[in-house]
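Small disclaimer: the values here were computed from a predicted structure and weren't measured.
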Amino acid sequence: MKEMSEILGSHRLLAGMSSAELDFLVGCARLVSFTPGQLLLREGDAADTLYLVRRGHVAVDVHEPGRGSMVIETVGSGGVVGWSWIIAPYRWTFDARAIDAVGAVAIDAACLRAKLVADPRFGVAVLTRVSSELLSRLQSTRLRLLDLYGAP
């Protein structure tokens, strides 16, 4: 089996990071798996994990009063689930559920935040990558909204 640093480095979010940076992150990471229908995170709960999806698909959904859950995003292999760990009060704002069998790397958020502070250069490297991923996700959402609500 691959070492955790190799697994981290093979994920799109962390690809290209130095081996020293990946080794620094290893202590925060563990492999996890989810069965179809299993929740990765629940709206309102403590945002304590960043998930790097390695295989399978995750549905991110919101609850709409009177209408139930609505899927707003599907994240597949190479994607990232869980952004609320970045900003206090560290609470999930969505649910995320495995659509099929999911394998991921779970990064402990408290551990990650401590490492970001302990090594500012590492912190900038990680937060730059996370910000880029967030921007990409926002741009995708914008395009979906244009498709949904744009002029005919």
Side-chain angles (χ1 to χ4, degrees), residues 1-17 21-22 24-65 67-116 122-150:
M1 183 173 148
K2 289 184 182 178
E3 286 193 41
M4 183 58 78
S5 60
E6 289 179 61
I7 292 169
L8 290 169
S10 68
H11 192 276
R12 183 172 49 91
L13 183 71
L14 303 175
M17 289 189 93
E21 290 170 322
L22 295 170
F24 188 57
L25 186 56
V26 164
C28 298
R30 62 188 167 81
L31 296 177
V32 294
S33 59
F34 298 92
T35 58
Q38 188 175 4
L39 278 175
L40 281 73
L41 50 98
R42 182 185 307 274
E43 183 177 351
D45 286 355
D48 56 3
T49 309
L50 170 66
Y51 293 100
L52 307 179
V53 180
R54 299 180 64 216
R55 64 174 158 61
H57 296 89
V58 177
V60 178
D61 59 53
V62 296
H63 297 282
E64 189 174 344
R67 293 180 70 183
S69 292
M70 200 167 80
V71 175
I72 59 168
E73 182 83 35
T74 301
V75 179
S77 179
V80 179
V81 175
W83 304 107
S84 298
W85 63 271
I86 299 171
I87 304 292
Y90 311 121
R91 294 276 170 209
W92 298 125
T93 56
F94 303 103
D95 285 352
R97 184 178 313 275
I99 296 172
D100 46 20
V102 169
V105 176
I107 300 178
D108 179 88
C111 178
L112 178 55
R113 285 191 301 268
K115 289 186 181 286
L116 298 179
F122 174 76
V124 168
V126 169
L127 291 177
T128 298
R129 290 164 181 273
V130 167
S131 297
S132 178
E133 184 69 24
L134 282 169
L135 178 60
S136 176
R137 189 79 59 92
L138 286 171
Q139 289 170 335
S140 294
T141 300
R142 177 180 174 262
L143 292 175
R144 282 194 309 276
L145 288 171
L146 286 173
D147 274 348
L148 189 60
Y149 297 110

Donor-acceptor pair, side chain of Arg12 and main chain of Gly78, under 3.5 angstrom: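 Yes, the answer is positive, given that a donor and an acceptor are paired below the 3.5 Å cut-off.
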Any donor-acceptor pair under 3.5 Å from Thr128 side chain to Val124 backbone: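 Pair found, side chain donor or acceptor close to backbone of Val124.
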Chi angles and distances behind the side-chain contact (heavy atoms from CB on, under 4.5 Å) call for Val32, Thr49: CA-CA 11 Å; Val32 294; Thr49 309; over 6 Å; no
Write out all pairs satisfying side chain to side chain donor-acceptor pair (under 3.5 Å) with one or both partners inside residues 76-94, taking only residues at least two apart or from two chains.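 Residue pairs with at least one partner in residues 76-94: there are none.
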Per the side chain to side chain donor-acceptor pair (under 3.5 Å) rule, what does the pair list look like for residues 35-46, sequence neighbours excluded?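 Applying side chain to side chain donor-acceptor pair (under 3.5 Å) to every pair that reaches into residues 35-46, excluding sequence neighbours, yields Thr35-Gln38.
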Kindly compute the distance separating [atom1] ([X]) from [atom2] ([Y]), expressed to the nearest 0.5 Å.
X      : Y      : atom1 : atom2 : result
Arg30  : Asp108 : CZ    : CG    : 7.5 Å
Ile7   : His11  : CD1   : NE2   : 11.5 Å
Asp48  : Leu41  : CG    : CG    : 9.0 Å
Met70  : Asp61  : CE    : CG    : 9.5 Å
Ile107 : Arg113 : CD1   : CZ    : 12.5 Å
Leu14  : Leu52  : CG    : CG    : 5.5 Å

Heavy-atom side-chain proximity of Val81 to Glu73 below 4.5 angstrom: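 Of all side-chain heavy-atom pairs linking Glu73 with Val81, none is under 4.5 Å.
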One pair to check against side-chain contact (heavy atoms from CB on, under 4.5 Å): Val26 and Leu8. What are the steps and the verdict? CA-CA 8 Å; Val26 164; Leu8 290 169; 4.1 Å; yes
Mind listing the closest non-hydrogen atom pair of Ala47 and Ala109 along with its distance?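 Scanning both residues completely, I find the closest heavy atoms to be O-CB, 4.0 Å.
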Atom of His57, atom of Asp100 and distance for their closest heavy-atom approach: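 Closest pair (atom of His57, atom of Asp100, distance): N-OD1, 2.7 Å.
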So for atom CD1, which belongs to Ile87, do other residues, nucleotides or ligands contribute more than 12 heavy atoms lying within a distance under 6.0 Å?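 No, the 6.0 Å shell around CD1 holds no more than 12 heavy atoms from other groups.
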Please identify which of these residues, Leu13, Val58, Leu40, Val105, meets the side chain to side chain contact (heavy atoms under 4.5 Å, CB included) condition with Val53.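 Of Leu13, Val58, Leu40, Val105, side chain to side chain contact (heavy atoms under 4.5 Å, CB included) with Val53 is met by Val58 alone.
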Among residues at least two apart in sequence or on other chains, which ones pass side chain to side chain contact (heavy atoms under 4.5 Å, CB included) with Phe122?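 Residues passing side chain to side chain contact (heavy atoms under 4.5 Å, CB included) with Phe122: Met17, Glu21, Phe24, Leu25, Leu112, Lys115, Leu116, Asp119, Val126.
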Verify side-chain contact (heavy atoms from CB on, under 4.5 Å) between Leu22 and Glu6, making sure each step is shown before the conclusion. CA-CA 8 Å; Leu22 295 170; Glu6 289 179 61; over 6 Å; no
